[in-house]
Amino acid sequence: MFIDTHCHLTFPEYDADRATVIGNAKKAGVKQFICPGVDPFSSQKVIELAQKHPGVVFAAVGYHPYEAQHNPPVGDLPIHQAVAVGEIGLDYHQYKGEAAAGKKQAQKILFEEQLRLGRKHNKPVIMHCREAFEDFFPIYDTISVPGVIHCFSGGLQEIRMAKDRNLYIGLDGNCTYSKQLQTIIPGIPLSMILLETDAPYLTPIPHRGTRNEPKYIPLVAAEIARLQGIPISAVEEQTTKNAQSLFTLLSRKQ
Ligand SMILES: [Zn+2]
Ligand SMILES: [Zn+2]
């Protein structure tokens with residue numbers, strides 16, 4: 001079985017057919033799902049979805065760095081019903097016409113507050129880092145909670161830094177078309193890798209241009225297997241073990 005460790009099944013893209021999407025993924029061998037929140041609304045919705053699908057959908061609650069400008073209250077996150085804090089982190093990508101002022105500082109504060117939440121409640125963290133590694137590790141190191149750098153976009157230097165900290169690396173469907181990812185994947189130990197889709201985004205080849213779904217996880221696994229020269233069953237087995245170990249899903253009903 002596979003686990004999709006990062007999919008946004010609460011997003012409106014699935015309002016019309018959420019149960020079918022989950023059913024189709026299960027048919028493809030993807031049996032468990034970790035759904036992160038990005039804001040106050042989705043962090044409530046992931047809890048409701050997890051309650052509807054016990055042992056299948058697991059909730060992570062958190063505020064995405066894009067939320068930092070709204071000063072969301074970290075104390076309001078329903079942490080007790082979640083398996084992880086996420087997604088949290090830093091995203092310094094500058095969109096056209098967007099003001100940079102104040103953005104980084106607000107994100108750093110929110111990231112640190114949520115790392116502390118994970119530490120306090122003994123929950124792993126799902127971290128997003130885009131164009132921000134220079135600030136990411138220094139902040140992470142002040143609190144240092146078990147976790148994953150999801151949708152990894154760094155290089156081998158960042159892989160080494162993650163390895164030194166026992167962090168996992170989340171890989172997505174963009175590994176089927178990103179030359180940069182294809183270059184580094186042979187150098188990532190399988191014991192560090194988690195599979196994710198980040199659905200509805202990052203749809204893998206050959207489905208690019210359509211909505212992503214957790215049922216495409218085997219395509220991500222196949223690409224990693226190809227790049228590492230190992231059987232897909234080895235990727236399936238080890239990444240599932242990794243996910244169970246980080247999120248402690250083993251004792252739960254499957
Ligand atoms: Zn993300
Ligand atoms: Zn995400």
Side-chain angles (χ1 to χ4, degrees), residues 4-8 34-39 42-43 60-70 72 74 77 84-95 98 100 102-119 123-175 178-185 187-189 192-199 201-202 220 224 239 242-243 246-247:
D4 186 346
T5 62
H6 194 116
C7 49
H8 296 287
I34 299 188
C35 296
V38 294
D39 57 19
S42 57
S43 289
V61 295
Y63 303 132
H64 191 281
Y66 287 164
E67 277 299 294
Q69 51 179 323
H70 305 306
V74 171
L77 286 169
V85 178
E87 58 178 290
I88 66 174
L90 302 172
D91 193 324
Y92 292 172
H93 185 75
Q94 195 81 17
Y95 291 102
E98 188 187 38
K103 176 173 166 172
K104 292 186 180 182
Q105 194 48 27
Q107 287 193 12
K108 286 191 221 175
I109 293 167
L110 183 62
F111 180 33
E112 190 177 325
E113 279 180 12
Q114 294 185 99
L115 285 170
R116 284 191 200 291
L117 185 73
R119 163 66 59 219
K123 307 254 164 133
V125 289
I126 297 170
M127 298 178 288
H128 172 111
C129 178
R130 187 182 186 196
E131 296 170 27
F133 278 110
E134 73 275 19
D135 287 334
F136 178 85
F137 284 114
I139 294 171
Y140 175 81
D141 286 346
T142 62
I143 298 141
S144 179
V145 198
V148 54
I149 305 175
H150 111 89
C151 193
F152 185 74
S153 59
L156 287 175
Q157 165 72 10
E158 284 78 29
I159 293 290
R160 275 188 291 274
M161 293 176 83
K163 190 164 187 261
D164 290 343
R165 290 156 178 82
N166 287 319
L167 288 170
Y168 289 94
I169 298 294
L171 297 176
D172 305 72
N174 55 347
C175 74
S178 158
K179 294 284 168 268
Q180 136 77 3
L181 279 171
Q182 291 170 350
T183 308
I184 62 158
I185 284 174
I188 309 178
M192 288 177 75
I193 297 176
L194 298 184
L195 301 180
E196 49 179 66
T197 55
D198 208 10
Y201 315 117
L202 302 176
V220 181
I224 295 167
T239 58
N242 296 344
L246 179 62
F247 299 109

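Position 1 is the first residue of the sequence, and the numbers go up from there. Note that the structure is predicted; figures quoted are calculated from it, not measured.
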Q) Should Glu87 and His6 be marked as a side-chain contact (heavy atoms from CB on, under 4.5 Å) after you check the CA-CA gap, both sets of side-chain angles, and the distance that decides it? A) CA-CA 9 Å; Glu87 58 178 290; His6 194 116; 3.0 Å; yes
**Q.** Donor-acceptor contact below 3.5 Å, side chain His70 vs main chain Pro72
**A.** no
**Q.** Side-chain heavy-atom pair Asp198, His8 within 4.5 angstrom cut-off
**A.** yes
Q: Might you point out which heavy atoms bring Cys7 and Pro36 nearest each other, and give the distance in Å?
A: O-CD, 3.4 Å
Q. Within the distance-only criterion (no hydrogens, no angle test), does the side chain of Asn242 pair as donor or acceptor with the backbone N or O of Ile193 below 3.5 angstrom?
A. yes
**Q.** Rounded distance (nearest 0.5 Å) linking atom CD1 of Ile139 with atom CD of Glu134
**A.** 9.5 Å
Q) Can we say Lys108 and Asp135 salt-bridge, meaning some charged N sits less than 4.0 Å from an Asp/Glu carboxylate O? A) yes
Q) Distance-only, no hydrogens or angles: does the Gln114 side chain make a donor-acceptor pair with backbone N or O of Phe111 under 3.5 Å? A) no
Q. According to the interplanar angle, ranging from 0 to 90°, do the rings of His150 and His128 count as parallel (below 30°), tilted (30 to 60°) or perpendicular (above 60°)?
A. tilted
Q | Working for side-chain contact (heavy atoms from CB on, under 4.5 Å), residues Arg165 and Ser144 | A | CA-CA 8 Å; Arg165 290 156 178 82; Ser144 179; over 6 Å; no
(Q) Contact between Lys163 and Met192 at the side-chain level, heavy atoms closer than 4.5 Å - yes or no? (A) yes
Q: Hey, could you give me the SG/CD distance between Cys129 and Glu158, rounded to the nearest 0.5 Å?
A: 8.0 Å
Q) At what distance, to the nearest 0.5 angstrom, does NE2 of His93 lie from CD of Glu131? A) 5.5 Å
Q) Can you find a pair of side-chain heavy atoms, one from Arg116 and one from Glu113, that are under 4.5 Å apart? A) no
**Q.** Taking every non-hydrogen atom, the tightest pair across Gly154 and Ile184
**A.** O-CD1, 3.6 Å
Q) Is the backbone of Thr197 close enough, under 3.5 Å, to the side chain of Asp4 for a donor and an acceptor to pair up by distance? A) yes
Q) Looking at Gly89 and Pro65, what are the two nearest heavy atoms and their distance? A) O-CB, 3.4 Å
Q.
Which residue in the set Ile143, Leu110, Thr142 passes side chain to side chain contact (heavy atoms under 4.5 Å, CB included) when paired with Leu115?
A. Ile143
(Q) Rounded at 0.5 Å granularity, tell me how far NE2 in His64 sits from CG in Leu90. (A) 10.5 Å
**Q.** Rounded distance (nearest 0.5 Å) linking atom OH of Tyr168 with atom OG1 of Thr239
**A.** 11.0 Å
Q: Please round to the nearest 0.5 Å and tell me the distance separating atom CD1 of Ile88 and atom CD of Glu112.
A: 10.5 Å
**Q.** Polar side-chain atom of Asp172 near backbone of Asn174 as donor-acceptor pair, under 3.5 Å
**A.** no
Q) Are the side chain of Ser43 and the backbone N or O of Leu77 linked by a donor-acceptor pair below 3.5 Å? A) no
Q) So, do Tyr92 and Gln107 sit near enough that their side-chain heavy atoms are less than 4.5 Å apart? A) yes
Q: Give me the ring orientation class for Phe137 and Phe133: parallel if the planes are under 30° apart, tilted from 30 to 60°, perpendicular past 60°.
A: parallel
Q) Considering all heavy atoms of both residues, which atom of Thr5 and which atom of Leu195 are nearest to each other, and what is their separation? A) OG1-O, 2.7 Å
Q | Residue pair Pro146 / Leu246, side-chain heavy-atom distance below 4.5 Å | A | yes
(Q) One pair to check against side-chain contact (heavy atoms from CB on, under 4.5 Å): Tyr66 and Asp91. What are the steps and the verdict? (A) CA-CA 7 Å; Tyr66 287 164; Asp91 193 324; 3.4 Å; yes
Q) Testing Leu167, Val85, Val148 for side chain to side chain contact (heavy atoms under 4.5 Å, CB included) with Met127, which one passes? A) Leu167
Q | Short side-chain to backbone donor-acceptor contact, Ser42 and Asp39, under 3.5 Å | A | yes
Q.
Can you confirm whether Phe247 sits close enough to Ile126 that some side-chain heavy atom of one is under 4.5 Å from a side-chain heavy atom of the other?
A. yes
